[in-house]
Amino acid sequence: MEARLDIFANPVAGKFLKYINSAGKAVTDSTLPAAIQELVKIRASQINGCAFCLDMHTKDAAHAGETSLRLNLVAAWREAKVFTEAERAALELAEQGTRIADASGGVTDAAWANAAKHYDEEQLAALVTLIALINTYNRLNVITEQPAGDYQPGMFG
């Protein structure tokens, strides 16, 4: 499979990637646990059908010690017993924040309140911006049909 556009060589796309990667550093430098960050990126990428991001974030999560059992169950997190209440709250917020265009009414007060029970204000800000950021990456990759499968952990940073 060939990408429709080489976003890594294109000057406009390259500049855009530089800026959003820089913005993403605010999230990675936050106190939001790295494991939560990867789970959220994986779940949003599953919903959006972004193979490029799924390849990257499942490999990064596994490289950081995430188990294959948990990675295999992210899509069915509601029925899986392997996620903590805090992880479930983050995954719910990620799903609702990702599906805002599906006429679902956005993020419910209940989902927000549940997340707020598990995360402080800095972590909530990181979670919200992470959800927005991964959805941006997903759209960029899906629109341009970026191929997946070749990513190696640490390849981009």
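Keep in mind the model is a prediction, meaning the values are calculated, not measured. What's counted below: heavy atoms across the whole structure, side chains too, no hydrogens, waters or symmetry copies.
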Tell me if a side-chain donor or acceptor on [X] pairs with a main-chain N or O of [Y] at a distance below 3.5 Å.
X	Y	result
D120	E122	yes
E145	R4	no
E66	A35	no
N10	D6	no
K41	C53	no
N138	N48	no
R43	A94	no
R139	N135	yes

According to a 4.5 Å side-chain heavy-atom criterion applied to Ile, Leu, Val, Met, Phe, Trp and Tyr, with indirect links allowed, do [X] and [Y] form part of one hydrophobic cluster?
X	Y	result
F16	F52	yes
Y19	I134	no
V27	V128	yes
I100	I131	no
L54	L73	yes

Less than 4.5 Å apart, any side-chain heavy atom of [X] and any of [Y]?
X	Y	result
W112	L124	yes
M56	F156	yes
R88	E92	no
L140	L17	yes
L39	W77	no

Check ion pair K117-E85 (N to O, under 4.0 angstrom): no
- Task: For the pair E95 and R78, find out whether any cationic side-chain nitrogen is under 4.0 Å from an anionic carboxylate oxygen.
- Result: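 Result for this pair is yes, salt bridge flagged.
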- Message: Quick one about N114 and Y119 (side-chain donor to acceptor, distance below 3.5 Å, no hydrogens or angles considered), yes or no?
- Response: no
- prompt: Between Q123 and S30, do the side chains contain an N or O donor and an N or O acceptor separated by less than 3.5 Å?
  reply: no
How close do [X] and [Y] get, heavy atom to heavy atom, and via which atoms?
X	Y	result
G149	D55	N-OD2, 2.8 Å
I42	A61	CD1-CB, 4.2 Å
V142	G49	CG2-O, 3.7 Å
I36	E87	CD1-CG, 3.3 Å
A3	Q146	CB-NE2, 3.4 Å
Q37	L130	CA-CD2, 3.6 Å

Looking at [atom1] of [X] and [atom2] of [Y], how far apart are the two atoms once the value is rounded to the nearest 0.5 Å?
X	Y	atom1	atom2	result
D60	Q152	CG	CD	10.5 Å
I20	K15	CD1	NZ	14.5 Å
L127	L32	CG	CG	5.5 Å
T144	I7	OG1	CD1	4.5 Å

In N21, T28, D29, the residue satisfying side chain to side chain donor-acceptor pair (under 3.5 Å) with K25 is D29
